[in-house]
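To start, the structure under review is shown below, and the notes come after it.
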Amino acid sequence: MATSVEFIEYVCEQVRKAGDVRYKKMFGEYMVYVNAKPVLLVCDDTVYVKILDVVSNDLADASKGIPYKGAKEHYILDIDDSDLAVKVVEKLEKVTPLPKPRKKKEK
């Protein structure tokens, strides 16, 4: 079951306080960017967060899951808890690097 547009827009609205939020469709699912940094992965209407020390205390009781075949285990973020979601996203945004620019293909 792919993530619905309504759900990804809800996710973005829940974390809007964390900065400039946008999403991009990738392989039928979505990546949520905050201040141009990829911080949340949304697959099958579930929000996934990389398991990192910076959020381990905040998400100690969170469920874990694998967003897609071949991926590492991630925390599952309770996106309905807006205060927690914003707190986690703000911490992730601080430690997540900007994506490297893609090299243009030569003709």
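All values below were derived from every heavy atom in this structure, side-chain atoms included, with hydrogens, water molecules and symmetry-related copies excluded. Quick caveat: nothing in here was measured; it's all calculated off a predicted structure.
Partner of V47 under the side chain to side chain contact (heavy atoms under 4.5 Å, CB included) criterion, out of I76, V88, L40: L40 alone.
Q14 CD to D81 CG: the interatomic distance, rounded to the nearest 0.5 Å, is 9.0 Å. The structure places CG of N35 at 11.5 Å from NZ of K94, a figure rounded to the nearest 0.5 Å. Taking CD1 from I51 and CG from L59, the interatomic distance works out to 9.5 Å, rounded to the nearest 0.5 Å. Rounded to the nearest 0.5 Å, atoms CG (D78) and CG (D83) are 11.0 Å apart.
Every residue two or more places apart in sequence or in another chain that forms a side-chain contact (heavy atoms from CB on, under 4.5 Å) with A18 is listed here: V34, V86, V89, E90. Take E73 and apply the salt bridge (charged side-chain N to carboxylate O under 4.0 Å, His left out) test, not counting sequence neighbours, and it matches no residue. Contacts of Y23 classified as ring pair (Phe, Tyr, Trp, His ring centres under 6.0 Å), with partners at least two apart in sequence or in another chain: Y30. Taking the side-chain contact (heavy atoms from CB on, under 4.5 Å) definition, one finds that K72 meets it with nothing, sequence neighbours left out. Not counting sequence neighbours, the partners of T96 by the side-chain contact (heavy atoms from CB on, under 4.5 Å) test are K37, P38, V39, L92.
Side-chain contact between V32 and I8 is present, with heavy atoms from C-beta onward closer than 4.5 Å. A heavy-atom distance below 4.5 Å is not found between the side chains of H74 and V49.
Hydrophobic cluster membership differs between L41 and F7, with clusters built from Ile, Leu, Val, Met, Phe, Trp and Tyr side chains linked at under 4.5 angstrom. No chain of hydrophobic side-chain contacts below 4.5 Å, direct or via other Ile, Leu, Val, Met, Phe, Trp or Tyr residues, connects M31 to V95. Residues F27 and V11 do not share a hydrophobic cluster, defined by chaining ILVMFWY side chains whose heavy atoms lie under 4.5 Å apart. Cluster annotation: I66 is not connected to V42 through the hydrophobic network of ILVMFWY side chains, with a link wherever side-chain heavy atoms come within less than 4.5 Å.
Between C43 and Y48 the shortest heavy-atom distance is O-CE1, 3.8 Å. Across every non-hydrogen atom of V15 and I79, the tightest pair is CG1-CD1, 4.0 Å. Looking at every heavy atom in both residues, Y75 comes nearest to L52 through CE1-N, 4.2 Å.
The stretch residues 2-14 participates, sequence neighbours left out, in these salt bridge (charged side-chain N to carboxylate O under 4.0 Å, His left out) pairs: E13-R16. Residue pairs meeting the side-chain hydrogen bond (donor to acceptor under 3.5 Å, both in side chains) criterion with at least one member in residues 49-70, sequence neighbours excluded, are D58-K87, D58-K91.
The hydrophobic side chain of L98 is isolated, with no ILVMFWY side chain under 4.5 Å apart from it.
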